[in-house]
Number of protein chains: 2
Amino acid sequence: MKNGAKHTTIIDIAKILRISPSTVSRALNNHPDIKIKTKEKVRNIAKKLQYSPNTIAQSLKNNRTKTIGVMIPEIKHDFFSSAISGIEEIAYHSGYTIIVCQSNESYEREVLNTIALMRHRVAGVIVSISQNTKSGEHFKDLLRRKIPLVFFDRVCDDIEASKVVIDDYKSAFDAVTFLINKGYKKIAHFAGPQGVGVYEKRLKGYVDAIKENKIPFVNGLLLHAGLNTSDGYESMDSLFKSKLIPDAIFTVNDPVALGACKRIKEAGLKIPNDIAAIGFSNNVITSVVDPSLTTVDQFPFEMGRKAAELLIQTIENKLMKPKTIIIDTKLIVREST
Amino acid sequence: MKNGAKHTTIIDIAKILRISPSTVSRALNNHPDIKIKTKEKVRNIAKKLQYSPNTIAQSLKNNRTKTIGVMIPEIKHDFFSSAISGIEEIAYHSGYTIIVCQSNESYEREVLNTIALMRHRVAGVIVSISQNTKSGEHFKDLLRRKIPLVFFDRVCDDIEASKVVIDDYKSAFDAVTFLINKGYKKIAHFAGPQGVGVYEKRLKGYVDAIKENKIPFVNGLLLHAGLNTSDGYESMDSLFKSKLIPDAIFTVNDPVALGACKRIKEAGLKIPNDIAAIGFSNNVITSVVDPSLTTVDQFPFEMGRKAAELLIQTIENKLMKPKTIIIDTKLIVREST
DNA sequence: TAATAAACTACAAACGATTGCGGGAACGAT
DNA sequence: ATCGTTCCCGCAATCGTTTGTAGTTTATTA
């Protein structure tokens with residue numbers, strides 16, 4: 001079961017040149033104690049034998065790795081894959097590699113993945129937590145072991161770690177206010193799973209925007225469901241059945257908005273003339289659907305970059321205490337409003 | 001610059017119990033030489049101190065890691081993030097972790113990433129190559145070091161390694177034949193970068209389908225461009241300008257098809273009545289655009305799974321020689337045809 | 001020429017785990 | 001009393017690097 005891999009080591013090089021491994025090591029690391037002649041010889045042999053240092057051995061010796069653990073719910077979501085892309089970008093340029101794992105929205109798997117990352121002695125971890133994560137004990141384990149931790153988007157509020165988030169409350173508030181200013185008065189909200197901070201805040205933003213603008217709050221216009229297209233479809237369907245027809249909807253995310261739009265179109269109504277719609281996240285998809293969807297851009301690539309920057313700064317002791325970065329969102333106005 | 005991390009080791013446990021580290025190791029690995037009483041004591045202390053084995057040390061000792069390197073052009077593409085998801089799924093269940101890197105379609109970066117993966121002594125590598133990769137020397141380096149390699153989708157033909165692909169030729173041939181059977185006669189193809197095998201094969205499939213069905217091949221209906229929406233838009237634009245209007249188009253991928261559709265709609269023409277369209281890949285986006293797009297599903301999640309399975313089998317010596325798996329594609333017929 | 005500094009290089013320990021081998025203890029059988 | 005088993009466990013080497021210390025040249029200076 002061994003990897004058959006046979007790599008050349010500094011000992012191989014040492015033997016050939018009849019010098020000691022330590023000299024080879026110092027030569028390769030350009031240590032001043034080694035004379036240039038020797039360094040050149042070492043480097044030549046190293047190149048000839050395709051020597052590449054064994055990170056494993058280095059890590060063991062130095063008690064430190066250049067690996068960052070990334071755990072997100074699901075890679076296939078636009079938002080998260082863009083974030084990973086941003087993380088990888090920064091990591092790459094700082095000489096770090098990233099280990100990616102997905103929790104699949106499962107708390108148990110999140111815990112197991114955390115353990116796996118600890119075993120790997122990652123230098124730090126970047127996380128967006130699963131929907132079903134209530135306890136943050138596994139993250140506290142990381143901190144107890146002095147492994148730096150950065151949350152992004154879906155954060156764990158009661159853990160002292162750096163965070164990269166958007167202002168979900170304000171983004172939602174602004175989106176709804178935008179609708180109100182456009183003259184819409186019966187605005188529905190399809191909320192996400194409560195218990196997850198970001199969705200709670202979006203809901204609160206909706207409620208407060210309604211209240212502050214002195215629009216009557218109608219309980220029936222506030223629906224709770226999941227995060228998928230089907231949820232949006234069904235929520236809209238139930239509104240139609242209840243004869244409580246809004247003139248605009250604001251949904252927890254883009255897929256839900258799209259599902260709702262589908263149902264609206266099936267009802268023979270026009271968007272935005274009969275019902276306007278705003279989603280959340282600016283999935284690529286929103287710009288090409290017909291009508292294109294007004295939505296809130298969270299700049300996930302940028303969030304990933306910032307999270308990686310924060311983490312690396314913490315790892316390298318350039319950032320001594322947790323910091324929260326709030327990424328500005330942008331309402332992307334399109335045809336659906 | 002050290003990670004402050006302080007982890008408990010088997011030595012710590014050994015000291016507490018006044019036994020030797022080797023006994024602790026054997027106890028934890030459930031070795032028959034160790035009596036149950038001792039094992040229990042060891043396990044208790046291990047749990048109390050939150051011991052978790054140092055993968056680094058294990059890897060060094062065993063000269064083998066349980067890490068798989070994954071290199072793809074860009075994570076943010078639907079197709080690749082789904083594939084990664086599939087890879088991670090299989091890897092997770094076999095106890096492997098994955099290191100992800102992106103080449104960003106750059107040959108140089110692909111080479112550097114390969115070196116980084118070798119340094120990490122990954123047990124194997126899964127790759128979809130960049131557009132600009134002509135030489136496969138860096139992959140041969142992997143094989144020389146006996147590091148198993150599996151390609152998926154964009155493969156390197158002249159390297160002897162396992163591959164997971166679709167039959168691009170047949171998929172394209174079938175898609176075009178489908179159009180022909182529907183009665184379309186002036187079918188255009190917007191081809192991708194030649195030099196990349198998969199795109200060449202799709203082109204060939206198009207050409208042969210035209211010829212075998214005795215439809216006149218019109219040179220002006222074959223356009224070469226890139227892979228983005230803008231390329232599709234411009235290709236369509238140039239067709240309009242050349243007054244050579246097709247009654248159907250088959251594009252190298254979905255974004256190109258969408259770009260073309262955009263231009264078609266701008267021209268006031270109807271899809272599929274005036275011009276039909278077929279894309280390639282079944283990006284999520286294609287099902288929600290209006291009109292929804294007929295396309296070819298490549299089952300990227302499944303490709304990722306298969307690639308991971310092949311790789312792990314090779315790593316564990318259960319697969320002795322390279323194998324090529326061809327994933328069946330499926331023409332998803334929607335409104336655009 | 002001898003003393004001293006400067007320039008190189010080697011030795012050995014360490015990182016944390018695994019594992020072949022050997023040895024002590026306890027026990028029964030002869 | 002001797003031998004043989006069986007059961008537990010420890011010693012020490014090993015994986016590939018890094019690095020403090022010490023040692024050997026060589027060059028420099030008095």
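Reckoned from all heavy atoms, side chains included, excluding hydrogens, waters and symmetry mates. Naming: A, B, ... by sequence-line order, numbering from 1 per chain. Keep in mind that what you see is a predicted model, and the values were worked out from it rather than measured.
- Atom CD of Gln50(B) has more than 12 heavy atoms from other residues, nucleotides or ligands within 6.0 Å.
- Comparing Thr23(B) and Ile11(A) by the nucleotide of DNA chain D whose heavy atom lies nearest to each, the residue mapping closer to the 5' end is Thr23(B).
- The footprint of chain B on DNA chain C, defined by a heavy-atom cutoff below 4.0 Å, extends from dG16(C) to dG20(C).
- No engagement by Arg119(B) is indicated, since no non-hydrogen atom pair under 4.0 Å with the nucleic acid exists.
- The residue Ile19(A) sits close only to the backbone: its heavy atoms come under 4.0 Å of sugar-phosphate atoms, none of a base.
- Crowding of Lys140(A) atom NZ: a count of heavy atoms from other residues, nucleotides or ligands under 6.0 Å exceeding 12.
- Within the model, atoms CZ of Arg26(A) and CD1 of Ile10(A) stand 10.5 Å from one another, a figure rounded to the nearest 0.5 Å.
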Atom pairs and distances, donor-acceptor, side-chain atoms in residues 123-136 of chain A, under 3.5 Å, two or more places apart:
{"residue": "Ser128(A)", "atom": "OG", "partner": "Phe152(A)", "partner atom": "O", "Å": "3.0"}
{"residue": "Ser128(A)", "atom": "OG", "partner": "Arg154(A)", "partner atom": "N", "Å": "3.3"}
{"residue": "Ser130(A)", "atom": "OG", "partner": "Asn132(A)", "partner atom": "N", "Å": "3.0"}
{"residue": "Ser130(A)", "atom": "OG", "partner": "Thr133(A)", "partner atom": "N", "Å": "3.4"}
{"residue": "Ser130(A)", "atom": "OG", "partner": "Thr133(A)", "partner atom": "OG1", "Å": "3.0"}
{"residue": "Gln131(A)", "atom": "NE2", "partner": "Glu105(A)", "partner atom": "OE2", "Å": "3.4"}
{"residue": "Asn132(A)", "atom": "ND2", "partner": "Glu105(A)", "partner atom": "O", "Å": "2.4"}
{"residue": "Thr133(A)", "atom": "OG1", "partner": "Glu110(A)", "partner atom": "OE1", "Å": "3.2"}
{"residue": "Thr133(A)", "atom": "OG1", "partner": "Glu110(A)", "partner atom": "OE2", "Å": "2.9"}
{"residue": "Ser135(A)", "atom": "OG", "partner": "Glu137(A)", "partner atom": "N", "Å": "3.1"}

Pair up each side-chain donor or acceptor in residues 66-77 of chain A with any protein partner under 3.5 Å, not counting sequence neighbours, and list the distances.
{"residue": "Lys66(A)", "atom": "NZ", "partner": "Ser94(A)", "partner atom": "O", "Å": "3.3"}
{"residue": "Glu74(A)", "atom": "OE1", "partner": "His77(A)", "partner atom": "NE2", "Å": "3.3"}

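- Using modelled atom types, one side-chain atom of Asn54(A) and one backbone atom of Ile56(A) make a donor-acceptor pair closer than 3.5 Å.
- If you check residues 37-47 of chain A against DNA chain D, you find no residue with a heavy atom closer than 4.0 Å.
- At the heavy-atom level, Ser25(B) lies under 4.0 Å from base atoms of the strands shown.
- Residue contacts for Lys61(B): at a heavy-atom cut-off of 4.0 Å it reaches a base atom on one of the strands shown.
- Scanning DNA chain D 5' to 3' for nucleotides with an atom closer than 4.0 angstrom to a non-hydrogen atom of chain B gives a first and last hit of dC8(D) to dG16(D).
- Looking at Lys39(B), its side chain does come within 3.5 Å of a backbone N or O of His31(B) through a donor-acceptor pair.
- Against DNA chain D, the stretch residues 49-56 of chain A makes heavy-atom approaches under 4.0 Å through Tyr51(A), Pro53(A), Asn54(A).
- Ser82(A) contributes no side-chain N or O that, together with a main-chain N or O of Phe301(A), makes up a donor-acceptor pair within less than 3.5 Å.
- Ser25(B) places no side-chain N or O within 3.5 Å of a backbone atom of Pro21(B) that could act as its donor or acceptor partner.
- Salt-bridge check for Lys306(A) with Glu309(A): passed, with a basic side-chain N closer than 4.0 Å to an acidic carboxylate O.
- To the nearest 0.5 Å, the span separating CG on Leu117(A) from CG on Asp141(A) amounts to 12.5 Å.
- For the atom pair CE (Met303(B)) and CD1 (Ile87(B)), the distance works out to 10.0 Å, reported to the nearest 0.5 Å.
- The CD atom of Glu89(B) sits 10.5 Å away from the CD1 atom of Ile98(B) when rounded to the nearest 0.5 Å.
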